Amino acid sequence: MPSKDLYEVLGISRNAEADEIKSAYRRLARRYHPDVNPNDPSAEEKFKEVGSAYSVLSDPAKRARYDQTGSTDDQPSDPFFQGGNISDIFDVFFGGGGQSAGRRRSGRDGEDVRVDLELTLKDVINGIHTEVVVNRKTECSSCHGTGGEGGKAPETCSTCRGQGQVSTVRNTFIGQVRTSTTCPTCGGAGTVVKDPCKTCKGRAVVPETAKVAVQIPPGFEDGATLHVPGQGSDGVGEGRPGDLYVVLQVTNDQRFQRHGQTLYTILDVTFAQAALGDRVEIQGVEDTVELTVPAGTQPGTQIAIRSGGLPPLHGGRRGDLIVQVNVKVPTKLSETEAKLIREFAELRGEDIPKGDEKGGILGGLFHKKR
Ligand SMILES: [Zn+2]
Ligand SMILES: [Zn+2]
């Protein structure tokens, strides 16, 4: 049971409206999300706290009970807040988690819209200005967003008198509990359309496919989300437009492994290169880089290319590209090659290898011929 005041946790006043609660929650959930704060247990703690507060205050019945008793009877088993996936946040916002309660504005807020955007490691280095294709709803031009044929304004719903909510008061052992639910007649809009517009069937909005310009900063992580306020679906009546969330997905590049700002890549060298040393070219994200493999390099040696990695999110020195050296042992040897290697071992005073169970190197050759 939390001892902290839930309103304080979200940084809002006790008479905050539903959309204030929602936007405070969104802001804090993004700030403290585990994906944004890896290895920071205090942020994760905060993230859970914010989620618990929101789950109570966003529910009119639970909120009323909390206001009256200061207790939250059912702690959320929180399906949303356990994992560390940024997409979890969306589950709260998408797919109609219900009309926001306690609204006094008439109308309906527009839906939030999510799009995925595929980007490359180059985009992570440079950032990118691009357009995303957004399927959203926009104001119907036939009825100018009223939903009524010929642009006729909707009428106030008589069931809820325009409140969008109907409430029942129950007497319980803790006193009166007021429960609000969405008005069944108007679906929470507070208004009804008598003669619906034929184009939008009274919905006041129609589907559209729009291109929205977005500026992606350098240094973003795979799965990070860009929030574009007001670029979701249009609201109806006094409802506000929804927001656009662009989920950034970095295309997998087989050559590199990413850990934050550091990139890892594998360099195959021959035994001769590792023993004698060499100058080689490494394919970086953007261009090729010259690299010295020192003489006597051991398998698994890591060589750092300074600033060959990725930049931090808000600018600054790029991370390193770490080249891990893999020494390739030849798998097929000619008789001459095998002889030279045995001589090499002999020269170094090493035991001369006996070869594998097939009778040595020659046995290996015989095996290959079949
Ligand atoms: Zn219309
Ligand atoms: Zn109503």
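A quick note: this is a predicted structure, and the numbers were derived from the prediction, not measured. Just so it is clear, the values below take in all heavy atoms, side chains as well, and ignore hydrogens, waters and symmetry mates. Counting convention: from 1, in listed order, for ligands and their atoms alike.
- In summary, C200 places an N/O/S atom under 2.8 Å from the Zn ion (ligand 1), meeting the contact criterion.
- Here the angle centred on the Zn ion (ligand 2), running from SG of C186 over to SG of C183, is 100°, rounded to 10°.
- Between the SG atom of C197 and the SG atom of C140, the angle taken at the Zn ion (ligand 1) works out to 110° after rounding to 10°.
- Look at K332 and E337 and you find no salt bridge, because none of the NZ, NE, NH1 or NH2 atoms lies under 4.0 Å from a carboxylate O.
- No donor-acceptor pair closer than 3.5 Å links the side chain of R136 to the backbone N or O of A210.
- The pair K198-D195 does not meet the salt-bridge criterion, since no charged nitrogen lies less than 4.0 angstrom from a carboxylate oxygen.
- Under the 4.0 Å criterion applied to side-chain N and carboxylate O atoms, E343 and K339 are assigned as salt-bridge partners.
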